[in-house]
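Reviewing the structure listed below.
Chain letters run A, B, ... following the sequence lines, proteins first, then strands; residues in each count from 1. Please read these numbers as outputs of a predicted model, since none were measured by experiment.
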Amino acid sequence: MSQILSADFFLQQDVVAVAKQLLGKVLVTDINGEITAGMIVETEAYSGHLDKACHARSGKTKRTSVMYHEGGVAYVYLCYGIHHLFNVVTNINHFPDAVLVRALEPLEGLDVMLRRRVKPKLTHTLTSGPGSLSKAMAIDLNQYGRKLFTGKNIWIEDRGIEVTADKIKSTPRIGVAYAGTDAMLPWRFYMDGNKYISKGKISYI
DNA sequence: CTCGCGATCTGCT
DNA sequence: GCAGATCGCGAGG
């Protein structure tokens, strides 16, 4: 009943569509035999050179180079010098699109996640926010560029969770006020009512 | 609950 | 030099 997303899934050329399709899918990591899994409940789409909020807006750098790879690899970067943020690279070769995963609903390995986050018990903050979920899932620069469809280390599964269009809400992306009119694009998507949604400040302009 | 702030690294200006 | 796709803490309501 659970199917690892194939390489083809990530080659779709509409990153906004992929951001919506990833809601309800399950992100899994196996780090030194410790399995953790969580349902993706919040995403943001970032689309290539023309998107003023996308890291690829100023071309290819050491940090962004993996965004130019064909879809299906991980783009992980350090934000504010502290937090690792996890993105799914999409689109075909040379088109630097990515989906930022902003929140998960924990499903498996709760004890491992709590230990990594140094938390005594489960609350909605365990995997609410991109930096938090990366810490809970042990995602860091070791995952940079790693393939997401091999079923090893890190991958994404379809477990048949159905997310109908009326359950998907959209808003502008978080923390991208510097992006001019692109800050208003409604490219943040989340599952309505899920308690693990992050509470970041929305940047309208 | 909300607000303000410090931590700490990358890459552009 | 500085701002950034953030978080957790303490103080105040």
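The closest side-chain donor-acceptor pair between A:Thr125 and A:Lys119 falls under 3.5 angstrom. At a cut-off of 3.5 Å, with distance as the only test, a side-chain donor of A:Thr61 or A:Thr64 sits close to an acceptor on the other residue.
Checking the phosphate oxygens (OP1, OP2) of C:dT6, a side-chain nitrogen or oxygen of A:Arg102 falls inside 4.0 Å.
Atom-to-atom, CZ of A:Arg57 to P of C:dA3 comes out at 14 Å; the value is rounded to the nearest Å. Atom CG of A:Leu85 and atom P of B:dC9 are 16 Å apart (whole Å). Protein atom CZ of A:Arg116 is 17 Å distant from nucleotide atom P of C:dC7, rounded to whole Å. Here the C1' atom of nucleotide C:dT6 and the CG atom of A:Leu100 are 11 Å apart, to the nearest Å. Rounded to whole Å, the distance from NZ on A:Lys62 to C1' on B:dC9 is 12 Å. Rounded to whole Å, atom C1' of B:dC9 lies 13 Å from atom NE2 of A:His55.
Of the candidate nucleotides B:dC12, B:dC9, C:dC7, B:dC9 has the atom lying nearest to any side-chain atom of A:Leu78. Nearest to the side-chain atoms of A:Pro130 among the listed nucleotides B:dT10, B:dC12, C:dT6 stands C:dT6.
Here A:Tyr46 and A:His55 keep their ring centres 6.0 angstrom or further from each other.
Within the nucleic acid shown, A:Arg117 comes within 4.0 Å of sugar-phosphate atoms alone, with no base atom in reach, counting heavy atoms only. If you check every strand for non-hydrogen atoms under 4.0 Å, A:Ile82 touches a base. The residue A:Ser132 sits close only to the backbone: its heavy atoms come under 4.0 Å of sugar-phosphate atoms, none of a base.
Base pairing of B:dC12 is made with C:dG1, judged by Watson-Crick or G-U wobble geometry with both donor-acceptor distances under 3.5 Å.
Ion pair A:Lys20/A:Asp14 not flagged as a salt bridge, since none of the NZ, NE, NH1 or NH2 atoms sits closer than 4.0 Å to an Asp/Glu carboxylate oxygen.
Using atom C1' as the reference point in both B:dT10 and C:dG8, the two lie 22 Å apart (nearest Å).
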